[in-house]
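Please read the structure below before turning to the comments.
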Number of protein chains: 2
Amino acid sequence: MARTAHSGALVQHPDHPKAMVSIRDVSIAAGVSIATVSRAIGNPDRVSKATREKVLTVVEALGYSPNLVARSLRSQQSKLIIVLVTNIANPVLSGCIRGIEKVAQGLGYSVLLGDTQNDDVIEARYLNLLSARQADGVIQLSYRQHGKVDELILNSNPDAAVVNACACLDAAPCPSVGVDDVGAARAMTEHLLGLGHKRIAVMTGPDESPHSRDRMFGYRLQLRAAGIAFDDALVIRGEFTMKSGSEAAAKILDLKDRPTALFCFNDEMAIGAIQKLTSLGLRVPQDISVAGFDDIPFSAYANPALTTIYQPAEEMGAVAMRLLDQKLSGETEIRTVTLPTELRVRQTTAPPGTP
Amino acid sequence: MARTAHSGALVQHPDHPKAMVSIRDVSIAAGVSIATVSRAIGNPDRVSKATREKVLTVVEALGYSPNLVARSLRSQQSKLIIVLVTNIANPVLSGCIRGIEKVAQGLGYSVLLGDTQNDDVIEARYLNLLSARQADGVIQLSYRQHGKVDELILNSNPDAAVVNACACLDAAPCPSVGVDDVGAARAMTEHLLGLGHKRIAVMTGPDESPHSRDRMFGYRLQLRAAGIAFDDALVIRGEFTMKSGSEAAAKILDLKDRPTALFCFNDEMAIGAIQKLTSLGLRVPQDISVAGFDDIPFSAYANPALTTIYQPAEEMGAVAMRLLDQKLSGETEIRTVTLPTELRVRQTTAPPGTP
DNA sequence: TGCAAATATGAAAACGTTTACCAGTCGGGA
DNA sequence: TCCCGACTGGTAAACGTTTTCATATTTGCA
């Protein structure tokens with residue numbers, strides 16, 4: 001079933017690299033003008049049935065495929081979009097990318113991957129591809145502040161099509177898709193409170209991260225709703241990595257009046273924390289409950305399986321791509337889409353004092 | 001320090017979308033010809049110092065950046081390369097991609113991500129970008145048979161620059177980078193034998209995968225070296241996923257004369273297997289040792305931490321990109337690079353009969 | 001049958017670069 | 001003083017499309 005456009009092997013000299021066949025070659029071979037070939041391919045109804053078939057036969061025979069660079073130059077759109085990401089190894093982000101790709105495929109776009117490694121210079125270099133017309137739009141997946149993107153939008157390229165996903169929902173002056181971090185964090189906090197926990201520590205990521213901020217806000221909101229005072233001593237700061245989670249977890253033991261639960265703001269942290277806590281002799285969840293956020297594929301297979309919040313990563317990507325396409329198609333309305341999350345209770349949370 | 005090329009905010013009307021500035025605008029503003037502007041940017045030594053500075057000042061002032069599409073059309077190279085991958089969520093592959101990107105950056109390339117989802121049609125569509133001149137080369141990361149790539153190389157586009165990474169070392173008619181799967185599998189088998197295991201089951205992926213084949217070969221080789229007969233009953237077939245590993249692990253219990261060790265041909269499988277074995281009441285490693293392959297970041301944090309083979313994913317990507325660049329620069333020699341692996345003994349393997 | 005309208009095709013411009021070729025200028029050696 | 005080479009910089013072609021405009025042909029209808 002999978003036919004490529006290349007069946008041209010028949011007509012080429014095996015010992016002599018075949019020059020690229022251009023629209024001109026097709027027009028000559030078919031005995032029509034270049035314009036007609038172009039139309040037969042791109043506007044089939046603007047040409048007679050007979051001509052169209054003749055042209056398409058020749059196209060097939062020569063193995064012609066239109067030079068997309070020339071097409072881009074002429075039509076002023078590249079059908080390429082850039083996905084900016086801080087770390088492609090992050091499962092949420094890679095899930096997102098997958099969703100983007102799937103939809104991009106269907107809409108005729110290809111995706112240019114920009115792994116910025118959180119570096120302004122690299123990010124700027126990618127954004128420059130926009131001004132250089134090598135790409136039509138950008139999907140920003142970074143957790144980081146999107147300084148350059150703002151600058152780009154506001155100053156340099158008013159046409160710039162930018163969509164934000166997985167981050168910065170409120171601040172972004174562009175279409176966005178994400179989840180309700182505040183509500184999800186409330187749900188998890190409520191779950192822990194419901195189990196009977198009174199002292200719930202949280203492990204948060206960098207302060208600049210909107211995820212840190214929003215999840216913290218949800219946690220505090222739900223605490224207040226339950227009539228429990230927020231205690232800053234129960235806040236552990238780290239980064240959204242397993243390593244950091246592991247390191248930061250050691251601090252739990254130093255706390256006087258040790259918390260009975262730990263809510264980590266992403267799964268990697270939680271996994272790192274559990275590893276450390278376990279190695280320090282605490283049993284999860286008997287001695288301390290641990291919860292995560294994201295539901296990366298691994299969490300369900302961790303031992304014990306991690307209680308967490310599911311985020312529809314792939315769907316976020318899909319929506320982001322659709323939003324970008326709409327923007328590129330002239331849509332001016334700035335839409336913000338919020339996707340539902342889901343609390344997934346597994347084995348790392350239990351009532352305090354479980355034997 | 002991160003300066004974009006766009007400081008043009010000063011000279012534009014805030015209420016009136018600025019049209020893209022072209023080389024012609026620069027030439028007029030600088031009072032020189034288009035050719036001179038082009039030279040000032042691309043061949044600085046071909047213009048006088050005074051002219052060069054004048055031009056560059058104007059470039060800066062207008063916020064000009066060359067249209068890369070036009071440049072591509074003229075110079076017949078896009079500075080884009082395609083990375084074909086079956087599943088971006090695979091940690092080894094995403095590590096590879098990261099390595100590719102880093103090197104690509106330095107060499108002036110951008111990377112077009114092709115998540116083929118193991119679909120021939122999608123793969124063909126991406127490869128078509130090559131013939132369509134929207135990309136200069138391809139790095140194939142797939143574990144799968146690279147049928148289309150072969151076809152492409154052999155039939156359609158003799159110039160096509162293709163590099164293979166992480167797979168198919170021997171079969172590929174193109175520069176390749178990978179690890180010694182056979183040797184690594186021997187090392188792991190030797191480790192298990194050294195612990196005293198006599199009955200070692202293996203869990204393998206799809207038969208078509210060169211990884212399945214080579215790792216199996218290494219396993220059998222080392223078995224033979226130890227004078228132990230290969231027993232086909234100890235081979236469990238599955239896919240390289242946690243889910244499959246979990247499902248397949250159940251078969252272990254059905255075996256009469258149960259093996260004391262299980263060597264999974266990748267970490268995801270191993271993690272899935274451990275989860276299932278544990279839930280069935282077997283202790284790892286006391287009742288059964290389990291080993292993986294890849295050393296994905298997660299493995300070190302699993303509980304218990306997984307004994308596995310480390311693969312330098314990021315470096316494989318880096319090497320692949322360098323090989324591709326060499327090929328694009330006219331290098332004709334087909335080189336095959338094999339990177340070293342490393343046995344990492346952690347907690348999931350122990351002598352049989354450990355209490 | 002004749003004429004307007006629709007249809008089919010071609011010629012050529014345009015997209016924004018890079019570069020081959022050419023011409024002018026300047027300096028230095030004979 | 002004259003000529004030749006080095007150095008600058010301009011003109012225009014080329015890259016491969018798409019699309020506007022114009023023209024030729026066919027169709028439809030009275």
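By convention in this document, chain letters (A, B, ...) are assigned in the order of the sequence lines, proteins followed by strands, and residues within each chain are numbered from 1. Small disclaimer: the values here were computed from a predicted structure and weren't measured.
A/D25 and A/Y64 share no donor-acceptor pair across their side chains, judged by distance under 3.5 Å alone. Checking B/E101 against B/Y109 by side-chain atom types alone, no donor-acceptor pair falls below 3.5 Å. Side-chain contact annotation: B/R335 with B/Q326, donor-acceptor N/O pair under 3.5 Å present.
In terms of heavy-atom proximity, B/M321 sits nearest to B/A104 at CG-N, 3.7 Å. Annotation for A/S131 and B/S65: closest pair CB-OG, 3.7 Å, computed over non-hydrogen atoms. The shortest heavy-atom contact between B/I100 and B/G317 is CG1-O, 3.4 Å.
The interatomic distance linking A/R39 (CZ) with C/dT7 (C1') rounds to 11 Å, in whole Å. Rounding to whole angstrom units, CZ of residue A/R46 and C1' of C/dA8 are separated by 9 Å. Here C/dT7 presents its P atom at 15 Å from CG of A/N43, a figure rounded to the nearest Å. Atom CD1 in B/I23 sits roughly 8 Å away from atom C1' in C/dT18 (whole-Å rounding).
Base contact: A/S38 has a heavy atom under 4.0 Å from a base atom. Across all strands, B/S72 comes closer than 4.0 Å to no nucleic acid atom at all (heavy-atom distances).
Within the structure, every side-chain polar atom (N or O) of A/R74 is placed at least 4.0 Å from both OP1 and OP2 of C/dA14. Between C/dT18 and B/S75, no contact under 4.0 Å exists linking OP1 or OP2 to a side-chain N or O.
Distance from the side chain of A/V32 is smallest for C/dG10 among the nucleotides C/dA8, C/dT19, C/dG10.
Judged by closest nucleotide on DNA chain D, B/I34 is the one of B/I34 and A/I41 placed further toward the 5' end.
In the 5' to 3' direction, nucleotides of DNA chain D lying under 4.0 Å from heavy atoms of chain A begin and end at D/dG16 to D/dT20.
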